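Any value given below was found using the heavy atoms of this structure, including those in side chains, with hydrogens, waters and symmetry copies removed. Since this is a predicted model, take the numbers as computed values, not measurements.
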Amino acid sequence: MKASSIQSMVILLLLCVSLGVTETRAGAGKTPPGANPTRPVKPQRVTCYNHGSKCFLKYVTCPAQCPQVQPKDGKSKGCFLDCYSPKCEAVCRGRKPNCNGVGAACFDPRFIGGDGIVFYFHGKGNEHFSLVSDINLQINSRFIGLRPAGRTRDYTWIQALGLMFGSHTFTLEATRTEKWDNEEDHLQFSYDGEALSIPEGLYSEWTSPENNLKVERIASKNSATVTLSEAVEISVNVIPVTEEDNRIHNYQIPSNDSFAHLEVQFRFFNLSAQVEGVLGQTYQPNFHNTAKAGVAMPIVGGADKYRTSSLLSADCKSCLFSPSNNVTGEGLLSMEYAALDCTSGVGSGNGIVCRK
């Protein structure tokens with residue numbers, strides 16, 4: 001075979017290989033024949049059913065960043081429609097409590113009031129305190145705590161919440177556990193004195209017979225949202241006192257109790273100008289917060305003023321609630337500050353974010 005013929009064959013072979021590589025690279029991103037290409041999630045449309053809302057029955061498309069009200073993974077932000085914003089705009093929002101947002105009650109316990117000011121309320125372990133007391137709504141808390149030798153006060157955490165509205169009651173609590181296990185559910189509920197069984201699982205829910213109270217799990221275990229129609233939305237998460245927190249703060253947590261407690265964030269829909277309670281008072285239009293600015297732990301007192309005899313009692317000295325009151329709408333303030341993030345002071349926010 002002549003040298004020129006051999007050279008021609010080599011060039012032809014190299015050319016074929018080069019074309020094959022080019023084709024492989026070009027087709028690398030293509031969907032193989034028979035496979036189903038991943039399609040973008042079609043944004044849902046949401047609306048508000050609150051008659052007083054400017055978004056009443058106006059359908060709004062969810063943002064592309066959070067196209068679903070209930071994301072499949074449960075961790076992504078969900079689509080929420082701000083029913084009291086003049087913009088009628090759907091926004092993305094996390095589902096679990098934001099301990100740096102207005103209306104939060106977390107840690108030992110640290111509150112962020114309706115005025116955006118951070119304060120601590122210590123109370124006492126194994127006692128109950130009114131967080132919110134209004135004409136038609138009472139929200140109490142049960143504190144758990146301990147007092148190591150040499151301390152003058154208890155370390156305390158919120159272990160349970162009790163709601164009273166009309167003639168009905170609702171409770172949720174973090175159940176006691178010796179050793180914390182993320183794979184176990186530590187949430188317990190009751191309605192009108194009867195235990196509720198809400199199956200574990202993301203978005204598992206229960207609705208009251210009157211259809212005005214809804215409980216929805218926002219994780220398979222230990223997290224939920226409680227919504228009382230046109231009154232309040234409560235996001236809760238159960239956590240233990242961690243070994244790191246125990247070491248940093250020298251809580252001296254015993255080995256037989258993880259001190260499971262609640263992280264909570266409230267979003268209020270209609271509060272009166274006279275609203276009371278450890279947290280509720282901060283939503284009064286002319287409230288003056290006595291927490292000292294610039295100190296590491298600004299404390300607001302009033303334990304005697306807000307102490308109740310039980311989780312479902314409205315007998316504190318400043319309590320306003322009466323079961324005979326069932327006021328909605330007129331004479332009440334439309335308030336919502338939970339969109340604010342208080343890590344760097346008071347920011348800007350958009351009224352009530354509600355999901356319908």
Side-chain angles (χ1 to χ4, degrees), residues 29 31 35-50 53 55 58-85 87-106 112 172 174 180-187 189 198-207 214-227 232-240 242 262-267 269 336-344 347-356:
T31 303
N36 292 323
T38 302
R39 296 181 180 179
V41 177
K42 183 179 180 180
Q44 293 179 320
R45 299 177 70 220
V46 290
T47 189
C48 291
Y49 296 100
N50 311 51
S53 172
C55 304
K58 292 183 179 179
Y59 283 87
V60 181
T61 302
C62 293
Q65 296 83 352
C66 54
Q68 295 178 307
V69 172
Q70 297 180 329
K72 290 183 179 180
D73 61 3
K75 296 180 181 179
S76 301
K77 290 185 177 182
C79 173
F80 292 81
L81 181 58
D82 183 346
C83 288
Y84 285 85
S85 169
K87 296 181 180 179
C88 273
E89 181 179 42
V91 298
C92 299
R93 196 187 76 183
R95 303 180 67 84
K96 291 189 177 182
N98 174 10
C99 288
N100 291 315
V102 171
C106 303
I112 301 182
L172 67 87
W180 179 262
D181 185 350
N182 284 323
E183 297 305 313
E184 292 184 11
D185 185 49
H186 303 280
L187 269 175
F189 310 93
I198 303 177
E200 295 179 17
L202 181 62
Y203 306 132
S204 174
E205 64 180 53
W206 170 88
T207 303
K214 178 182 176 181
V215 183
E216 179 186 37
R217 290 189 183 270
I218 52 178
S220 60
K221 302 173 181 67
N222 297 316
S223 299
T225 298
V226 179
T227 305
V232 64
E233 179 186 271
I234 310 171
S235 299
V236 297
N237 192 40
V238 185
I239 61 169
T242 65
L262 302 175
E263 293 179 324
V264 189
Q265 187 177 21
F266 298 92
R267 296 176 175 87
F269 294 78
E336 162 49 40
Y337 304 88
L340 297 175
D341 188 316
C342 299
T343 53
S344 57
S348 59
N350 297 320
I352 296 173
V353 283
C354 64
R355 174 174 43 78
K356 293 293 184 183

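- Looking at every heavy atom in both residues, A90 comes nearest to C62 through CB-CA, 4.2 Å.
- In this structure C66 satisfies the side chain to side chain contact (heavy atoms under 4.5 Å, CB included) test together with P63, C79, C92, sequence neighbours excluded.
- Closest of all the heavy-atom pairs between V232 and F269 is N-CD1, 3.4 Å.
- Taking the side chain as every heavy atom from C-beta outward, L172 and L262 approach each other to under 4.5 Å.
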Steps toward side chain to side chain contact (heavy atoms under 4.5 Å, CB included) verdict (Y203, V69)
CA-CA 11 Å; Y203 306 132; V69 172; over 6 Å; no
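- A 4.5 Å side-chain heavy-atom check between D185 and R217 finds at least one atom pair inside the cut-off.
- Between the OH atom in Y49 and the CG atom in L81 there is a gap of 10.5 Å [rounded to 0.5 Å].
- By the side chain to side chain contact (heavy atoms under 4.5 Å, CB included) test, I239 is found to be paired with N237, H261, E263, residues two or more places apart in sequence or in another chain being considered.
- In terms of heavy atoms, A224 sits closest to L187 at CB-CD1, 4.1 Å.
- The minimum heavy-atom distance linking A64 with P67 is given by the pair O-CD, 3.4 Å.
- K96 pairs by the salt bridge (Lys or Arg N to Asp or Glu O under 4.0 Å) definition with nothing, not counting sequence neighbours.
- Under the salt bridge (Lys or Arg N to Asp or Glu O under 4.0 Å) criterion, E205 pairs with K214, sequence neighbours left out.
- Note: E216 CD to S235 OG = 10.0 Å, rounded to the nearest 0.5 Å.
- When the side chain to side chain contact (heavy atoms under 4.5 Å, CB included) test is applied to T61, the partners found at least two apart in sequence or on another chain are P43, R45.
- Crowding of K221 atom NZ: a count of heavy atoms from other residues, nucleotides or ligands under 6.0 Å exceeding 12.
- Closest non-hydrogen pair, A174 versus V238, comes out as CB-CG1, 3.6 Å.
- A distance of 10.0 Å separates CD in Q265 from OG1 in T225, rounded to the nearest 0.5 Å.
- In this structure D73 satisfies the side chain to side chain contact (heavy atoms under 4.5 Å, CB included) test together with P71, K75, S76, sequence neighbours excluded.
- Less than 2.5 Å separates the SG atom of C55 from that of C88.
- Taken to the nearest 0.5 Å, the OG atom of S204 stands 12.5 Å off from the CD1 atom of I218.
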